[in-house]
Each structure stands twice: as C-alpha cells, then as structure tokens.
Engineer: 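The structure's right below; bear with me while I get my questions together.
All figures in this text were calculated on a predicted structure; none of them were measured in a lab.
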Amino acid sequence: MLRIVLFLVLIALAGAGAAWVADQPGDVVMTWGGFRASPSIPVFALGLGIFAVAIIFVWSILTTIWRTPRRLRRRRHEKRHARGRHAITHGLLAIGHGDTALARRHADAARRHAPDDPLALLLHAQSAQLDGNREEAQRAFRAMAEREDTRLLGLRGLFIEAQRADDAVGAVMIAEEAIKLSPSSTWASHAVLGFRCARGDWSGALAILDSNLSAGLIDKQAYRRQRGVLLTARALELETMDRDLARESVMEAIKLAPTLVPAAVLAAKFESEAHQVRRAMKLVEAAWLANPHPDLADAYAHVKLGDAARQRLQRVETLAAKTPADRPGRVEGQLAIARAAIDASEFARAREVLAPYVNDPTQRVALLMAEIERTEHGDGGRARAWTLRAVRARHDPAWTADGYVSDRWRPVSPVTGRLDAFQWQTPVASLPSDKGPMIRSSAFEEAMLAAPPPKRVTASESPAEPAAAEPVPAAQDNSPPVAEVLEAAHAEPVNPAPEPAESSPPAATPVFRTRADLGKPAPAPIPAVIPVVRAPDDPGIDDEGPSDEFAEQIGASRVHGKVQAGGWRGFWSRWGA
C-alpha cells in the first residue's frame, strides 16, 4: 500500500513538473558554428530528455559488450562447479555402498571439475583407500594437510594410514602435531594418551589428561577416576625404585578413586609399613564393599606384620562378614576364609565354607579342595581328582578388558588402548551357553571322590605310590588352557584288572572302570579366553614385549611355528581402522 501511494505521488510530481515547464515562456538559443537553433523551453526539455535516454542506452550496450567475456567465464565456472559437486555427491554415495569403480570414476570427474574443492580431495583419498591404493591415498591426505582449511582432516587420514602401515612412530608424531593444532581433537588426544601409557610415560599421560579436562573432552568425575588410574600405575612401577614418589602417587590416587583395587592394596601396604594399621584397614574395607577382590582380602589379612595364621583367619572372617549375603561378591569372602583357614590348619573350617560350592565348583574352589585333601590327609588320589576337575571347572572372575584376560591389573587395554578398561569379572569364554552343560564329570573323578581315603600301608605291602598331583601352572595372559594335555593323559585306556582265581573271595567293585563302561566322551574344554578377532591388517600385540616397542618382534608361535611382527602395532591398528 505504501509503495502504491509513493508511486502515485511521484506520478503527480512528474505531471506537475511537465505542466510547469510547458507554461514557461521564452526560447533557448543554441549556436554551433554556422548552425543556429532557437527552440522553445518545452521543446528543449523534451529533446534533452531524449538525448539522455539515448546516451544511457548506448552506455548499456557498450557495458554489456565489455562484460560479456567475464560473464561467459563465470557461467562456465559455475557449470564446472555444479558438475564437480554432482560428482562429489555421487562419489561419496558410491563409497558409502562400496562401489569402487563408480567411486573412482566420480573422483576423477571431481578432480577435473573442482580441483580446489576440499571435498574433492576427500573423495579422491577415500576412493583410493577403498580401492586399496594406499600410496595415492597418502598423497591426497598430504595435499589436504598442506591446506589451511583441511589440515586436521589430512592429519587424521595420514594417522590412519600410518596405523595400517604399522608405523607407530609416524602415527604418534602425526597425532602430536594434530593435538598442537587442536587440543580438543578427540582422536589425537586418545592416541597420544594411549601411546604414553603404553610407553610408561605416566607424567606425559597426566599432562594429556589435564589438557583433555581443559578442552572439555571429559567431565570432572571421569577425570578424577582416570587420574587415579594413572597415578596408581606410576606408583606400582616405582614401588621398588622410588618408594617416596610411589607412596605420594598412590595416596593421591586413593583419594581420587577410593574403590580402585590396586590403589587400595598398595596404599594399605604403605600404611601398614608405617604402622598405620587402622587407616590401612579402612582403606581396604572401603574398596572391599565396592568390589570384593582376593588381593584386598590378602592385604587385610597381612595388615599387621607378624600376626599368626589364626589371627589372620579371624581378621579375614571379619572382612568377609561385611559383605551382604545377597551380593554376588560374597563368594570372594568365603574363598578368602578358606584360604586363611588352610594356612591356619583349620581344615574343618575350610571345608565348611567351601561346602556350598563343591557341587558346582569353580577352578579356585577345586584347587582349594585339592590342597585340603593333600595337606590334611596326604591323599594324592583325591588331590589329583580335584586338580583334574579344576581344569574343566567354571572360570573364576579375572581382570578382563575388551575380551582380553590378564593375570594382573593394567591401566589400559592392550586391545583398544582404552584407559581404565580392566574390570574384575568372569571372562566371556567361561559363561554358559545353549550348547549343553559346560562341565561333565568323568568316571575317574566320580570314583575317586566317592571312594573313602586309602589306609596307610607299609612300604613292603603297597605298590609303587603314584606321583603326587602337581598343581596346575598359572595360566599366562590369553594362553590356551592346559586342559588338552591333562585330557590326553586322562583319556589313555586303563588296563582292566586280571580276573581273580575261583578260590579267591569276590573282589570289590574296581575303582577304575574300563573304557566300555564310560559314557559318551566329555566335550572339548572351552578355552579360557575367547580369541580377539582382529582385522586382516592387524598384526596383533605382544603384551609382554621388551621396552623398545618399535624394534621388537614377536617370537615364533609354539603352536603354528609362524613368526608374527608385533609390538605396539596391534595397539595402534585398533583405532580408526
């Protein structure tokens, strides 16, 4: 409405001006050489207007002619850019559904039509990766790293390629360069933190953790927990070298993470050595209520140096009583009581606490029962039967992270490099499945456990005494169980006893039955740890390798006889691959 009113006002003003000019009397005289003209004022005004319009029209034509080449170039550039964007869009879609040939064709088109577009460089690099051309992918990522707008993206791509090429040094250098450019880069901080933890550079790891807190990558609670983990790892490493720094580190760690088991155990040890018994007991009790663990029970039992075995038993019973009966961790208290009772020669007490678990024992329960039989009665047969039963028994909780089982606590996962990954829990490989019962008792175990203890006989009357049952060796990290060896030894056919003469009295039921009396054979034992399935380009990791992780080589496998390159390569190849 306002525009209409304004338009009408302008029309009225123009009409009023034209009427005013038409009413003006007089002539305008123009002389140019021999030419003389004297039009009236209205005619002169009209001619002046026509001349102005003609000048504007001619100027527009000249300007259009002048700007035509530039407009043609711009239009051609816009068409090329549109074609490049079209190629980039469809190329990324081709990469998404895994069409290598189509992605490579669109990448070539994008390089022709939009060579300076950062997405064209990204499409070219990803199509080279999809095609398996790592050299071309590295060239594309280097070109991206040289540009200001795509530098971090190029460093990220070079980092992934260095991981796939097992170049740990190059990967860490790239990650450190990226973290200098952007401290809030999650992948760079994670890589540098994991590498420093793997190298044992706990001070550098703590510095990265502080930087992550400043950049807002972690919250305050996670920061306190992870800092406590790193301080505990440093204290465990310096326990025998720098006890003052170790004590300072673990005391700070126990304040940040009071439920961390290794921190509580080491802090209680230092407090006990300083004769701060009550404080040491409180530290262990706080961690025990959150996570019952055998190491906590052992530290609580030995919190007073020089105590007798019966005093340690009483102390462990006090600690076990603090765990409610409905909690899953109550079994740890019962096993700790049994261990202390065996040390105190209280075998009746040990049998009493283990009685609820002997029908479906775990490995620790079976080994404790074997020790009781061997120590109390000297019964090698029963001890051997319990030892064999321990091999096929359910697994006890262990330090587990990402499917990896370790015999000790570690600050980071060797599979993914995740900090504070190890948890005290039952390994996945030992959980029951729907393929039938996991434990099948053999006829040998049933006969030996059902038979009464043998009577003592003299050396002249007794045959050669069987060798004492050897304890099951401690399993290494993720090593195959020794069940196959014991199963092979147990599966040897036993010769039946000779038939007695007719005049002899009827013999008792033989303890060992022939192979024909046995039921169907026991299934193959379930491995202690589910093998970690790695990518085809992941060489694995040597968990206990030398300190120089860039020069080590994993030795030949005892099973397959193959040499496998390792080090921290498997550790890096888990990120971003």
Side-chain angles (χ1 to χ4, degrees), residues 228-229 231-323 329-350 352-354 364 367-368 371-372 374-376 396-399 407-411 424 471 474:
V229 169
L231 289 172
T232 302
R234 183 171 70 177
L236 290 173
E237 182 178 330
L238 299 177
E239 181 182 1
T240 58
M241 294 181 292
D242 190 349
R243 294 183 65 83
D244 294 335
L245 181 57
R247 177 184 174 85
E248 179 183 351
S249 300
V250 76
M251 288 307 171
E252 182 182 355
I254 201 64
K255 293 179 181 178
L256 297 173
T259 61
L260 188 61
V261 171
V265 171
L266 187 57
K269 178 180 178 181
F270 281 124
E271 293 291 354
S272 176
E273 292 176 353
H275 303 289
Q276 299 293 330
V277 177
R278 296 182 63 85
R279 175 167 173 76
M281 294 174 66
K282 290 182 180 179
L283 294 176
V284 174
E285 289 172 359
W288 177 270
L289 292 177
N291 185 17
H293 192 275
D295 292 345
L296 293 173
D298 184 70
Y300 200 80
H302 296 84
V303 71
K304 289 184 180 180
L305 303 179
D307 276 359
R310 294 182 182 275
Q311 294 174 323
R312 294 197 299 269
L313 173 59
Q314 295 176 359
R315 194 176 300 118
V316 170
E317 289 177 342
T318 303
L319 179 65
K322 297 180 179 296
T323 305
R330 179 175 175 79
V331 64
E332 294 293 344
Q334 303 302 309
L335 295 180
I337 293 176
R339 176 71 269 172
I342 294 174
D343 294 339
S345 299
E346 296 286 346
F347 301 107
R349 176 59 173 157
E352 178 185 353
V353 296
L354 293 178
R364 289 168 58 194
L367 291 177
L368 288 174
E371 185 174 355
I372 292 173
R374 186 184 304 110
T375 307
E376 183 181 9
D396 294 276
W399 288 116
D407 60 343
R408 58 186 176 87
W409 175 84
R410 299 165 186 262
W424 182 255

Engineer: Does Glu271 come within less than 4.0 Å of Arg278, counting only side-chain N to carboxylate O?
Structural biologist: no
Engineer: Considering non-hydrogen atoms only, spot the tightest contact between Ala338 and Val353 and give its length.
Structural biologist: CB-CG2, 3.7 Å
Engineer: If you round to the nearest 0.5 Å, how far is CH2 of Trp288 from CD of Glu332?
Structural biologist: 6.0 Å
Engineer: If you look at every heavy atom in Leu283 and Ile254, which pair is closest and at what distance?
Structural biologist: CD2-CG1, 3.9 Å
Engineer: Output the distance between atom CG (Leu354) and atom CD (Glu352), rounded to the nearest 0.5 Å.
Structural biologist: 10.0 Å
Engineer: Report yes or no: does Glu273 contribute a side-chain atom to a donor-acceptor pair with the main-chain N or O of Phe270 at less than 3.5 Å?
Structural biologist: no
Engineer: Could you grab the distance from atom CG of Asp396 to atom CG of Leu367, nearest 0.5 Å is fine?
Structural biologist: 8.5 Å
Engineer: Got Arg339 and Gln334 here, is their nearest side-chain heavy-atom distance under 4.5 Å?
Structural biologist: no
Engineer: Apply side-chain hydrogen bond (donor to acceptor under 3.5 Å, both in side chains) to residues Ser249 and Arg234 and explain how you reach the verdict.
Structural biologist: CA-CA 7 Å; Ser249 300; Arg234 183 171 70 177; 3.2 Å; yes
Engineer: Let me confirm one number: the CG-NZ distance from Leu231 to Lys255, rounded to the nearest 0.5 Å.
Structural biologist: 11.5 Å
Engineer: Would a distance-only check, ignoring hydrogens and angles, find a side-chain to backbone donor-acceptor pair under 3.5 Å from Arg312 to Ala301?
Structural biologist: no
Engineer: Flag the pair Glu317 and Lys322 as a salt bridge only when some basic side-chain nitrogen lies within less than 4.0 angstrom of an acidic carboxylate oxygen.
Structural biologist: no
Engineer: If you round to the nearest 0.5 Å, how far is CZ of Arg408 from CG of Leu236?
Structural biologist: 9.0 Å
Engineer: Could you give the distance from CG (Leu238) to CZ (Arg243), rounded to the nearest 0.5 Å?
Structural biologist: 11.5 Å
Engineer: Name all residues meeting the side-chain hydrogen bond (donor to acceptor under 3.5 Å, both in side chains) criterion together with Arg247; count only those two or more places apart in sequence or in a different chain, and write none if there are none.
Structural biologist: none
Engineer: Would you say the side-chain atoms of Ser345 pair up with the backbone N or O of Ala341, donor to acceptor, closer than 3.5 Å?
Structural biologist: no
Engineer: Quick check, are the ring centers of His293 and Trp409 under 6.0 angstrom apart?
Structural biologist: no
